[in-house]
Protein chains: 2
Amino acid sequence: MATLKEVADSAGVPMLTAFQALNQHDTVDEVTRRCVQEAADNLNYTLKITQIDIADLAGVAKGTVSYALNNSELIKPATRQKVLEAAQMLGYHLNISARNLRMNRTGVVGYSWHVADDPSRMNNLLDRFIYRVTMAAEERSFHLLTFVQPQKNADRVYESLISTSRVDGFIISDVTYNDPRIARLTAMRAPFAAFGGMYLENADFAYVDVDGKKGIRLVMDHLLEQGHERIGLLGWPSGWPFGDAREASYREAMRDAGVRIENDWIAYTHNILDSAAMAAQQIMNSKYPPTALVCANDLMAFGAKSYLDSVNLRIPDDVALTGYDDDPTAQFLGITSVHQPIDELAEALFEILLGDINQEPLPNRQIIFNPELVIRRSTR
Amino acid sequence: MATLKEVADSAGVPMLTAFQALNQHDTVDEVTRRCVQEAADNLNYTLKITQIDIADLAGVAKGTVSYALNNSELIKPATRQKVLEAAQMLGYHLNISARNLRMNRTGVVGYSWHVADDPSRMNNLLDRFIYRVTMAAEERSFHLLTFVQPQKNADRVYESLISTSRVDGFIISDVTYNDPRIARLTAMRAPFAAFGGMYLENADFAYVDVDGKKGIRLVMDHLLEQGHERIGLLGWPSGWPFGDAREASYREAMRDAGVRIENDWIAYTHNILDSAAMAAQQIMNSKYPPTALVCANDLMAFGAKSYLDSVNLRIPDDVALTGYDDDPTAQFLGITSVHQPIDELAEALFEILLGDINQEPLPNRQIIFNPELVIRRSTR
DNA sequence: CACTATTTTTGAGACGTCTCAAAAAAAGAT
DNA sequence: ATCTTTTTTTGAGACGTCTCAAAAATAGTG
């Protein structure tokens, strides 16, 4: 296709005039407008400003324009200025696809926010997480592509996204044992960084994590200090490293305190309020009902609280209650919880990923953050 | 750069052998591997399978490959088969960037999921919405780019994304009066489709919506039928079309029922649990406290319920309570709510957007869905 | 079999950018 | 003023795809 300059020449007007004419700008009179339009039609031209047009207008070579726009040190300041002005006048916008093709990168990172048909999709923590990751990405001129992963063969979706050059890398959360996504991405040498991984054996990939064992230990010490001994646990079904770590930490703390755990002090549930309430009921129906209930996250604590309220068990007088994640619900309900430094964590995670994408891996590709106990009226 | 065939020829081996050699496949012996590697190094070749390689292997022209891969009717089935087999053997993956450049589209749609520094970010409805939109997009080979929009000048972010060809169009939610994003996108002729808009005057753009007035009317009629007259409203501060519509509908219903609304039966709050609880308190402290409380969404209803529980007002005996959105919290707490057909709505919205993107606009670009009352124990 | 009509394949070229090696301009040294 | 060094600009070419007009192959017809 023709360039703007060719159109302008053919119509016998300056480039800028041609530009304005095609933009229907009213600084150009009707006659000229029609004339330019005709020239454009003849050359089968549709207005689309490229670096070539800028070069033509500024009177430099197209290579110069590219360098100038990218703030290359090579270019003399005066020239750069000239180019930038021309770009400004023509309202230039870089074409990302062209850059992507040329540079073989996309400036996009993938994150699977949703799992298909997963009913337990209430997760304020991950919501905050993804928000901060997006911010971190955008500050570095990256964007986030969110996609849905199927329950089965999720790794294929990841493979397809990376091998079609749709994304440069991935953020991963909810890592499982022997996670097929990690196996696949590692095999493909595709950049990725995970939220979670410290309690996986031989975790040989980039991750950030918050020490979940430590978090539960904070909770347990707090409760034990207050004299609680019969402490129950509401956890997730095993299979998730972070969940298993929390349970392990609970058990360790009980052992260290010399308290034997009754079987029915522990119940498992998914992130569903109803199930959590039922699980709480189950625990409280123990022959030796606990005086404190530790929940694996705030959603469960909410569910548990509802149950306790419904049977008029007072919190904390009859039963102390704790959650995990410090989400808005726990804040509102006054439930003691554990705060995770999501903001810093997301930032760090993206930095690590970016290093891998740019083939300049950061020295420290595995960072562990400390959780913080937030004591509220549910335990005092 | 060289092609795989050139490398193979230079090394004096068949293409497939060269391919496997470069892949370190162990069907190829050490010597051949090194030989091929050397040839590749000489030609400065790095393995990257393109349509040209497929063409070389299948013995057809590169144009044929493109047609065959895109299931063009032009190509003879036998040829297509040959091409597909070759593609399979070489593990070919389309390069999206190249296609995007050539076709001047991206297969990506933008959606601003988060607003920067917005504290009131708990929205199960939009979470579900975005999940379904993503699904709809992916079923049509599109992807979703999520970005953060600033509180001010959000329209610039939209402009930049579309004019750099980062996305083909947008999904928009939380439309305001005289929304600058809509003005900007309309002026740019950028494709977009909104969730919400039926209660905007002269809404001259593509949207889907659920009739909010009708939804509140369902709630009101339900309450009035049960004999309630003193009905309070927990709403959002005015400025949001959907919020204003809900309030208007409340007022209409009261007027139609011949009930005068006391000033302090209405309170406003953002999507923050604490504020909602306080607003509920305010209303209940009225000289003529309502016997029913209508909330603009389920989050507020949750906040209100907490307050009511805390002062031992029984639901529904002392105060009936309703929410809106039918989210998991309302389901769990047994709060009467209004269900919006998010799943169908998201699907329809994406279809409309796709039509606009493909320059084949659907005949009906504004679709209104009906809400549905879900009665729970908070009102019976 | 020769000729036409139809189907199928071909190969070039364009999309807009970045980057390399080479050329030109400017600055510095003698 | 001439030559050398350094800075700056140039212009071609490649990235991988799709698509057009033209060529080749095949089928159909008398």
Side-chain angles (χ1 to χ4, degrees), chain A residues 1-6 43-56 58-83 86-87 90 92-107 141 163-166, chain B residues 1-6 43-56 58-83 86-87 90 92-107 141 163-166:
Chain A
M1 205 217 288
T3 69
L4 179 58
K5 185 169 182 359
E6 285 164 24
L43 292 165
N44 193 22
Y45 176 83
T46 50
L47 188 59
K48 179 104 201 260
I49 300 300
T50 74
Q51 295 184 355
I52 297 181
D53 299 318
I54 300 178
D56 287 342
V60 299
K62 65 170 179 164
T64 308
V65 173
S66 177
Y67 284 126
L69 292 175
N70 288 302
N71 289 315
S72 160
E73 293 298 328
L74 286 173
I75 299 299
K76 208 161 53 166
T79 310
R80 187 201 318 286
Q81 192 57 33
K82 218 167 44 177
V83 170
L90 297 175
Y92 170 74
H93 288 281
L94 175 75
N95 183 314
I96 294 276
S97 298
R99 166 182 283 178
N100 290 351
L101 173 59
R102 178 59 228 262
M103 302 188 65
N104 195 26
R105 44 90 92 190
T106 66
S141 301
S163 58
T164 57
S165 295
R166 183 61 94 182
Chain B
M1 204 217 286
T3 68
L4 179 58
K5 183 167 183 359
E6 285 164 25
L43 292 166
N44 192 26
Y45 176 82
T46 50
L47 189 60
K48 179 107 204 257
I49 300 300
T50 73
Q51 295 185 355
I52 298 180
D53 299 318
I54 300 179
D56 286 343
V60 299
K62 64 170 177 160
T64 307
V65 173
S66 177
Y67 284 126
L69 291 175
N70 289 301
N71 289 313
S72 160
E73 292 299 328
L74 287 174
I75 298 300
K76 208 162 56 169
T79 310
R80 185 201 318 289
Q81 193 55 34
K82 216 166 46 176
V83 169
L90 296 175
Y92 169 75
H93 288 281
L94 176 74
N95 182 314
I96 294 277
S97 297
R99 165 182 282 178
N100 290 351
L101 173 60
R102 177 60 227 259
M103 303 191 65
N104 194 29
R105 44 89 93 189
T106 65
S141 302
S163 59
T164 56
S165 295
R166 183 62 94 180

*Are OP1 or OP2 of D:dT17 and a side-chain N or O of B:Tyr92 less than 4.0 angstrom apart?*
yes
*Which residues share a salt bridge (Lys or Arg N to Asp or Glu O under 4.0 Å) with B:Lys76, sequence neighbours left out*: none
*Indicate, with a heavy-atom threshold strictly under 4.0 Å, whether B:Leu94 touches base, sugar-phosphate, or nothing.*
sugar-phosphate
*Between CG of B:Asn95 and CG of B:Leu101, what distance do you get to the nearest 0.5 Å?*
10.0 Å
*Nearest-angstrom distance from the residue atom CG of B:Leu101 to P of C:dA14*: 13 Å
*Between C:dT10, D:dT17, D:dT8, which nucleotide has the shortest distance from any of its atoms to the side chain of A:Leu74?*
D:dT8
_With heavy-atom distances below 4.5 Å as the criterion, would you say the side chains of A:Tyr92 and A:Leu69 are in contact?_
yes
*With heavy atoms under 4.0 Å as the rule, sort A:Ile75 into base, sugar-phosphate or nothing.*
sugar-phosphate
*Starting at CD of A:Gln51 and ending at C1' of C:dT19, how long is that distance when rounded to a whole Å?*
12 Å
*Take A:Asn95 and B:Lys76, find for each the nucleotide of DNA chain C with the closest heavy atom, and name the residue whose nucleotide sits nearer the 5' end.*
B:Lys76
_pair B:Asp53-B:Lys48: side-chain heavy atoms closer than 4.5 Å_ = no
_If you define the side chain from C-beta out and look only at heavy atoms, does anything of A:Val60 sit under 4.5 Å from A:Thr79?_
yes
*Considering non-hydrogen atoms only, spot the tightest contact between B:Arg166 and A:Gly107 and give its length.*
NH2-O, 4.0 Å
*How would you label the contact of A:Asn104 with the nucleic acid (heavy atoms, under 4.0 Å): base, sugar-phosphate, or nothing?*
nothing
*To the nearest Å, give me how far apart CD1 (A:Ile54) and P (C:dT17) are.*
8 Å
*Which whole-number value in Å describes the distance from A:Ile52 CD1 to C:dT17 C1'?*
9 Å
*Among residues 61-72 of chain B, which contact DNA chain D at a heavy-atom distance under 4.0 Å?*
B:Lys62, B:Gly63, B:Ser66, B:Tyr67, B:Asn70
*Roughly how many Å is it from OH in B:Tyr45 to P in D:dC15, rounded to a whole number?*
10 Å
*Value in whole Å for how far the P atom of D:dT10 lies from CG of A:Asp56*: 12 Å
_What is the separation between atom CG on B:Asp53 and atom C1' on D:dG16, rounded to the nearest whole Å?_
11 Å
*Minimum heavy-atom distance between A:Lys62 and A:Ile52, given as atom pair plus value*: CD-CG1, 4.2 Å
*Please give, in whole Å, the distance from D:dT17 C1' to B:Lys48 NZ?*
12 Å
